[in-house]
Amino acid sequence: MQYRFASAADEPIINRQLADAHLPHDDVAPHLQNFIVATQNEAIVGVVGLEVHGRVGLLRSLVVDPTVRGHGVGQSLCDRLIRHARAQGVRELYLLTLDAETYFQPLGFRRIERTSAPDTIQGTRQFQGLCPTSATLMVRDLDAAKGATA
């Protein structure tokens, strides 16, 4: 498995994979430079994205092709994204999910009330309507000084 940052040429493939997984993809383009893809034999088999909003970020668009699920691709994508987020100065990483809360809990994310989200997260297209209001909001503290681990 190879991992790299997404390129403009990857956008149609990423959008198709997100659409196939019933995940929002209308707003990928402005954040594409912060998307990481997993490739196998040069084909994209996994993707995860980051929206950077100062010291807070939004993890979004995690999808792994069913043919490679269960082999750590999703966790590796998340680990790489968290390292990238820290390098970008992100100290709190948020995400919205309909059905993956139990997946993200062991990765250090905890559920919080949507009203607790900072204004920058509440202002994202994901929060404002691309994800339904029934989506669970989760957060992970990335401040290394507080002992967060990748």
Side-chain angles (χ1 to χ4, degrees), residues 3 5-6 8 10-39 43-143 146-150:
Y3 298 89
F5 284 100
D10 299 325
E11 186 179 355
I13 299 163
I14 291 169
N15 284 336
R16 186 176 65 246
Q17 288 184 341
L18 294 175
D20 289 349
H22 308 289
L23 293 174
H25 57 87
D26 294 345
D27 62 337
V28 167
H31 309 287
L32 192 60
Q33 75 275 10
N34 289 311
F35 271 64
I36 299 171
V37 296
T39 62
I44 295 175
V45 295
V47 64
V48 68
L50 172 69
E51 290 186 29
V52 178
H53 301 280
R55 294 178 56 83
V56 298
L58 182 67
L59 182 153
R60 42 129 351 137
S61 307
L62 175 64
V63 66
V64 175
D65 189 279
T67 63
V68 295
R69 287 185 189 155
H71 298 287
V73 175
Q75 183 168 348
S76 186
L77 282 165
C78 287
D79 290 346
R80 291 165 194 279
L81 184 97
I82 289 167
R83 286 194 300 273
H84 176 63
R86 282 186 175 131
Q88 299 300 306
V90 172
R91 294 297 167 248
E92 288 183 322
L93 189 58
Y94 292 82
L95 65 85
L96 291 158
T97 183
L98 289 173
D99 58 6
E101 183 175 352
T102 57
Y103 178 83
F104 286 105
Q105 285 174 336
L107 300 178
F109 288 87
R110 62 183 169 80
R111 181 184 192 145
I112 61 170
E113 294 300 318
R114 287 176 66 101
T115 55
S116 300
D119 291 343
T120 52
I121 296 299
Q122 289 188 30
T124 64
R125 288 191 62 207
Q126 295 277 314
F127 196 96
Q128 297 235 332
L130 290 180
C131 289
T133 57
S134 59
T136 298
L137 179 66
M138 301 182 81
V139 65
R140 177 175 165 173
D141 185 354
L142 300 186
D143 189 349
K146 292 186 179 179
T149 59

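Bear in mind that the values here come from a model prediction, so they are computed numbers and not experimental data. Throughout, residue positions are numbered sequentially from 1 according to the sequence presented.
- Nearest approach of Thr97 to Met138, heavy atoms of both residues: CG2-SD, 4.1 Å.
- Side-chain contact between Pro132 and Leu98 is present, with at least one heavy-atom pair separated by less than 4.5 Å.
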Residues Ser116, Leu137; criterion side-chain contact (heavy atoms from CB on, under 4.5 Å); working and verdict: CA-CA 9 Å; Ser116 300; Leu137 179 66; 5.6 Å; no
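- With rounding to the nearest 0.5 angstrom, the CZ atom of Phe5 is 7.0 Å from the CG atom of Asn34.
- Phe104 contributes atom CZ, which lies 9.0 Å from atom CG of Leu93 (distance to the nearest 0.5 angstrom).
- Remark: Thr120 OG1 to Tyr94 OH distance equals 7.5 Å, nearest 0.5 Å.
- Closest approach of Leu77 to Ala38, counting heavy atoms only: CD2-N, 4.0 Å.
- Side chain of Gln126 to main chain of Leu58: no donor-acceptor pair is present (N/O by atom type, distance under 3.5 Å, no hydrogens or angles).
- With a 6.0 Å radius and a threshold of 12 heavy atoms from other residues, nucleotides or ligands, Arg110 has its CZ atom at or below the threshold.
- In this structure, CG on Leu59 lies 7.0 Å from CG on Leu50, to the nearest 0.5 angstrom.
- Every pair passing salt bridge (Lys or Arg N to Asp or Glu O under 4.0 Å) that includes a residue from residues 48-71 is listed here, sequence neighbours excluded: Asp27-Arg60, Glu51-Arg60.
- Of all the heavy atoms in Leu32 and Ala8, the pair that sits closest is CD2-CA, 3.6 Å.
- Here the straight-line distance linking atom CG of Leu96 with atom OG of Ser134 works out to 10.0 Å at 0.5 Å rounding.
- With sequence neighbours left out, Arg111 forms a salt bridge (Lys or Arg N to Asp or Glu O under 4.0 Å) with Glu101.
- The environment of Gln128 atom CD is dense: over 12 non-hydrogen atoms of other residues, nucleotides or ligands sit within 6.0 angstrom.
- When all heavy atoms of Ala85 and Leu142 are compared, the pair lying nearest together is CB-CD1, 3.9 Å.
- For the pair Leu107 and Gln75, the minimum side-chain heavy-atom distance is below 4.5 Å.
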I'd like to know whether Phe127 forms a side-chain contact (heavy atoms from CB on, under 4.5 Å) with Arg114, so could you lay out the CA-CA distance, the side-chain angles of the two residues, the decisive distance to 0.1 Å, and finally the verdict. CA-CA 9 Å; Phe127 196 96; Arg114 287 176 66 101; 3.9 Å; yes
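- Between the CG atom of Asp79 and the OH atom of Tyr3 there is a distance of 9.5 Å, given to the nearest 0.5 Å.
- Closest of all the heavy-atom pairs between Gly74 and Tyr103 is C-OH, 3.1 Å.
- Contact between Val63 and Leu23 at its shortest, heavy atoms only, is CB-CD1, 4.3 Å.
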